[in-house]
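Each remark here refers to the structure printed beneath this line.
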Amino acid sequence: MTVILDGKTVSERRIELLREAIDESGFSPRLATVLVGDDPASALYVRMKHQACERVHIGSINVTLPAGATTERVLETVRRLNADPEIHGILVQLPLPAGIDREAVIEAVSPEKDVDGFHPCNLGRLVSGQPLFAPCTPLGIMNLLCEYGITPGGQRAVVVGRSIDVGRPMAALLLNADATVTVCHRRTRDLGSVVRSADLVVVAVGQARFLTAEMVGEGATVVDVGTNRVEGRLVGDVDFEAVRERAGAITPVPGGVGPMTIATLMENTFEAARRLTCGSAP
Ligand code: GUN
């Protein structure tokens with residue numbers, strides 16, 4: 001029987017536990033989001049993050065800047081939020097409009113408030129095995145696997161995709177958890193045979209139904225990070241119906257990785273507030 005890794009149910013439970021922990025902590029965590037431009041999908045994601053904040057009793061503010069804002073204007077906003085002692089977490093929604101220097105914006109966020117975990121300091125710490133904040137999607141995946149008793153230690157893990165928000169930090173987290181990790185990308189030769197050798201596969205390529213059943217080893221754990229719109233429906237990077245016949249465990253889309261990402265953002269924000277309020281070294 002294939003196990004469906006139900007991120008929706010697990011994230012709901014974690015959200016409940018987090019709300020209790022925040023209420024008991026005496027801290028008042030606050031998250032600031034920065035939304036540049038009027039991309040409807042980004043606006044929706046930001047709204048969902050603020051709704052999650054309300055549920056866990058994290059205060060939140062959003063700063064919206066016009067699509068034509070300069071890099072300097074975005075940097076000024078980030079610097080102001082860095083300096084605000086009432087703000088513990090800062091998230092600049094990506095992608096940014098063309099013309100804005102994404103790297104400069106990411107680097108401007110104070111690493112102590114970088115709940116996205118995208119700052120080079122935080123990615124470097126993660127790779128060195130001393131994480132402060134890890135990016136929410138891969139950390140959410142680790143949490144989901146843990147909730148189902150799937151331990152990556154000793155497993156052959158294959159990550160398909162090498163982005164800074166998913167593929168690279170996913171590989172680092174799996175390596176830190178003692179998996180044997182291979183990262184595949186568009187130049188990988190004979191990708192199918194590499195993926196077929198894996199006990200655990202994480203796919204983040206942004207291509208609907210990219211991973212087919214022939215590419216999956218019998219009994220493998222398959223984690224689908226994709227969210228592609230196909231004829232008005234949300235479809236993952238995995239051909240779910242066919243792959244579930246071979247996989248030992250698999251995440252659905254929707255209801256798998258997505259809700260775990262938001263729950264993890266909330267957990268990271270509470271952690272940021274705890275560290276900043278207690279002044280504890282990481
Ligand atoms: N856009 C899509 N996913 C993310 C995310 O996890 N963080 C930010 N900042 N932007 C995103």
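Start at 1 with the first residue, then count along the sequence. Order of appearance sets the numbers: ligands from 1, and atoms from 1 within every ligand. Below, all heavy atoms of this structure are taken into account, side chains as well, without hydrogens, waters or symmetry copies. Note that the structure is a prediction, hence the values are computed from the model and not measured.
A side-chain donor-acceptor contact under 3.5 Å links Ser110 and Glu112. Judged by distance alone, the side chains of Glu214 and Thr212 do bring a donor and an acceptor atom under 3.5 Å apart.
Within 6.0 Å of atom OH in Tyr45, 12 or fewer heavy atoms from other residues, nucleotides or ligands are found, so the atom counts as exposed in its surroundings.
Side-chain atoms of Thr2 do not come within 3.5 Å of backbone N or O of Gly248 as any donor-acceptor pair. Side-chain atoms of Glu54 do not come within 3.5 Å of backbone N or O of His50 as any donor-acceptor pair.
To the nearest 0.5 angstrom, Cys121 atom SG is 13.0 Å from Ile106 atom CD1.
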Enumerate the pairs of nitrogen or oxygen atoms, one from ligand 1 and one from the protein, separated by less than 3.5 angstrom; state names and distance to 0.1 Å.
from     : atom 1 : to     : atom 2 : distance (Å)
ligand 1 : 1 (N)  : Gln93  : NE2    : 3.2
ligand 1 : 1 (N)  : Leu94  : O      : 2.8
ligand 1 : 7 (N)  : Asp116 : OD1    : 3.0
ligand 1 : 7 (N)  : Asp116 : OD2    : 3.4
ligand 1 : 9 (N)  : Val92  : O      : 2.8
ligand 1 : 9 (N)  : Asp116 : OD2    : 2.5
ligand 1 : 10 (N) : Leu94  : N      : 3.0

